Protein chains: 2
Amino acid sequence: MTKPFSSVWLRPPRQPKTSGLSREQIVAAAIELLDTEGLGALSMRKLGAKLGAGATSLYWYVTNKDELLELVLDEMWGEVDLPDPPTTPWREAAGVLAYNLRTTMRAHPWMVELTGRMVSLGPNVLRLNERMRRTFHAAGFSGMDVYFASGTVISYVLGQVVPETTFQRRSDRQPADFDTEGVMRALRDLAGGYPELASDLEQYADTDQEANRAMAFDFGLVCVLDGLAARLSSTDPARPRTPPLPDPR
Amino acid sequence: MTKPFSSVWLRPPRQPKTSGLSREQIVAAAIELLDTEGLGALSMRKLGAKLGAGATSLYWYVTNKDELLELVLDEMWGEVDLPDPPTTPWREAAGVLAYNLRTTMRAHPWMVELTGRMVSLGPNVLRLNERMRRTFHAAGFSGMDVYFASGTVISYVLGQVVPETTFQRRSDRQPADFDTEGVMRALRDLAGGYPELASDLEQYADTDQEANRAMAFDFGLVCVLDGLAARLSSTDPARPRTPPLPDPR
DNA sequence: ACCTGAACACCGTTCAAGT
DNA sequence: ACCTGAACACCGTTCAAGT
């Protein structure tokens, strides 16, 4: 009785445009709207109006809002690029990818929300994944490890950027007069019973918030890459190198 | 002209309940609704009805829906627990936390979406953070590295769980008759031009999807922990151990 | 102090009807 | 083939009014 899984990418696209609107136009307009007003403010009506069309015209190009968002999300993945595998050493390639992904997500904070909502099966995600796999394959990973390694890097970046962008989003437009001071003051109050937390707050009260985030990102990225490198250097198939993990739960 | 930052946690709570509803009740009911119907299906009206109250009664306990969601989210963080710092070695503690967080998020897939939407300043997040910091402090990290190390672990888990749960959510209720077969077939079509991807698909066609995800999670977790361990063992303050990262952008 | 109902300004989506 | 408008069943939130 469940509605079956569906996705734009599993449906043959419309014939080449003969007139009027096009998917590309719609997606472009949607991205513009999302960038300026955020995910919560995107409605089919507004988008239609922006395109000088009736509110419901879009439904001819796209079966519903979710599928429009799938298209838009894949478009974002298209912005992330990865150095060509053979020419670049894996560690550098992975590092560049990580930074590129972070840059793109911060430029379009709504992308993070979307990633938590839609499955990504678009051509741009697939292309990027393919490249990453080739990179890690060339690095010396084999079998499923190729897939696991790519996943590890992407996961880390995504997870790190999530909190960065939620803050961005709360400050809405005009970051200029956003009351970071007030938040910090309030946070300091809340940190009452937590000595470690409080000492952290003191420490990064001095440093620039933005520089701070950059350091945090870099710290973790280095860990992830070091971990991958370690895995790679233990070339023997049986690797008792790392202590076993505790049983989940 | 921006609306200033606001959060439930920055506002003094209502007096102790004298009668009628309570925040705890409301939050509990909301969680129930979210677990059974998902984030998209939670409306103030439905929630009110579930509590046998008028649709708008809730607004006396909570300023708006967003703040209700903040409360609910923090409640989830309360479910994640972390072994007590002094007794457990850091690596094990971090591993357990990672698995616990994954378990909680998979049990409440809407938590992932919320994490991308609200800032987390609730007491449960703060308490957990405090514990993590003590753990990493005891492990030998110092200064901001304590904070960075916790962030790295949490980011990794969050990022890894995001795609896991989007799939869960798409299959909606009744995972029983969800057409995984169909998705796999469709995916195989899409993988046309991507040899690495295609070979991956073949490989994990044999293994159980769920076991697969578990392996992927474990792989990355080991990397992250190895990376942290490496950082820890290079005790000298100047550490030219890792090659510098490429300049962002 | 707590709850209600009506009302406002929105939504996504369907569908018959137009060109 | 493409677009429209009206209509349906929803939203979050405000606010005067009740007890």
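Lettering follows sequence order; numbering is per chain, from 1. Everything numeric here is computed off the predicted structure, so don't read it as measured data.
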S.K.: Of all the nucleotides listed (C/dT14, D/dC11, C/dT4), which has the minimum atom distance to the side chain of B/Arg45?
M.R.: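 Nearest to the side chain of B/Arg45 among the choices is D/dC11.
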
S.K.: Which nucleotide, D/dC15, C/dG12, D/dC3, lies nearest any side-chain atom of B/Thr56?
M.R.: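 From the listed options, D/dC15 comes nearest.
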
S.K.: Would you indicate which nucleotide in D/dA6, D/dG12, C/dC2 comes nearest to any side-chain atom of B/Ser43?
M.R.: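 Nearest to the side-chain atoms of B/Ser43, counting from C-beta on, is D/dG12.
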
S.K.: Given D/dC11, C/dT13, C/dC3, identify the nucleotide with an atom nearest to the side chain of B/Tyr61.
M.R.: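 From the listed options, C/dC3 comes nearest.
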
S.K.: Measure from CE on A/Met44 to C1' on D/dT4 and round the result to the nearest Å.
M.R.: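 My rounded result for the distance is 15 Å.
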
S.K.: Could you check whether A/Leu68 gets within reach of a base, just the sugar-phosphate, or nothing at all, counting any heavy atom under 4.0 Å?
M.R.: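 Result for A/Leu68 = nothing.
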
S.K.: What integer distance in Å separates A/Leu47:CG from C/dT13:P?
M.R.: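 Going from A/Leu47 (CG) to C/dT13 (P), I get 13 Å.
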
S.K.: Classify the nucleic acid contact of B/Leu51 as base, sugar-phosphate or nothing, counting any heavy atom under 4.0 Å across all strands shown.
M.R.: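 Answer is nothing: B/Leu51 stays at 4.0 Å or more from every strand.
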
S.K.: Apply side-chain contact (heavy atoms from CB on, under 4.5 Å) to A/Gln160 and A/Val157, showing your working.
M.R.: CA-CA 5 Å; A/Gln160 190 76 265; A/Val157 177; 5.8 Å; no

S.K.: Given 3.5 Å as the limit, does a donor-acceptor pair link the side chain of B/Glu79 with the main chain of B/Thr104, or not?
M.R.: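 No.
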
S.K.: Whether the side chain of B/Arg23 engages the backbone of B/Tyr61 through a donor-acceptor N/O pair (distance < 3.5 Å, no angle test) should be reported.
M.R.: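 Pair found, side chain donor or acceptor close to backbone of B/Tyr61.
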
S.K.: Applying a 3.5 angstrom cut-off to the pairing atoms, does DNA chain D sit in any stems of at least three consecutive Watson-Crick or G-U pairs? List them by first number.
M.R.: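 Counting only runs of 3 or more consecutive pairs, the stems involving DNA chain D are C:4-8 with D:12-16, C:12-16 with D:4-8.
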
S.K.: Taking distance alone, no hydrogens or angles, what donor-acceptor pairs closer than 3.5 Å link side-chain atoms of residues 39-53 of chain B to residues at least two apart or in another chain?
M.R.:
from    : atom 1 : to      : atom 2 : distance (Å)
B/Ser43 : OG     : B/Lys46 : N      : 3.1
B/Lys46 : NZ     : B/Ala41 : O      : 3.0
B/Lys50 : NZ     : B/Glu32 : OE2    : 3.2

S.K.: Identify whether any heavy atom of A/Ala55 sits under 4.0 Å from a base atom; if not, whether one sits that close to sugar-phosphate; answer base, sugar-phosphate or nothing.
M.R.: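 Counting heavy atoms under 4.0 Å across all strands, no contact is made by A/Ala55.
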
S.K.: Rounded to the nearest Å, what distance is computed from the CG atom of residue B/Leu21 to the P atom of nucleotide C/dC3?
M.R.: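 So the CG-P distance, B/Leu21 to C/dC3, works out to 5 Å.
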
S.K.: For residues 187-199 of chain A, run the donor-acceptor check on the side chains, cut-off 3.5 Å, and write out each pair with its distance to 0.1 Å, sequence neighbours left out.
M.R.:
from     : atom 1 : to       : atom 2 : distance (Å)
A/Glu196 : OE1    : B/His137 : ND1    : 3.2
A/Glu196 : OE2    : B/His137 : ND1    : 2.8
A/Ser199 : OG     : A/Glu196 : O      : 3.3

S.K.: Can you tell me if B/Asp74 uses its side chain to pair, donor with acceptor, with the backbone of B/Val125 under 3.5 Å?
M.R.: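 Checking the backbone N and O of B/Val125 against the side chain of B/Asp74, a donor-acceptor pair under 3.5 Å is found.
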
S.K.: Nearest whole angstrom, please: distance from the P of D/dT14 to the CH2 of B/Trp60.
M.R.: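 About 16 Å, once rounded to whole Å.
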
S.K.: Would A/Glu210 and A/Arg213 pass as an ion pair if we require N to O under 4.0 Å?
M.R.: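 A/Arg213 and A/Glu210: salt-bridged.
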
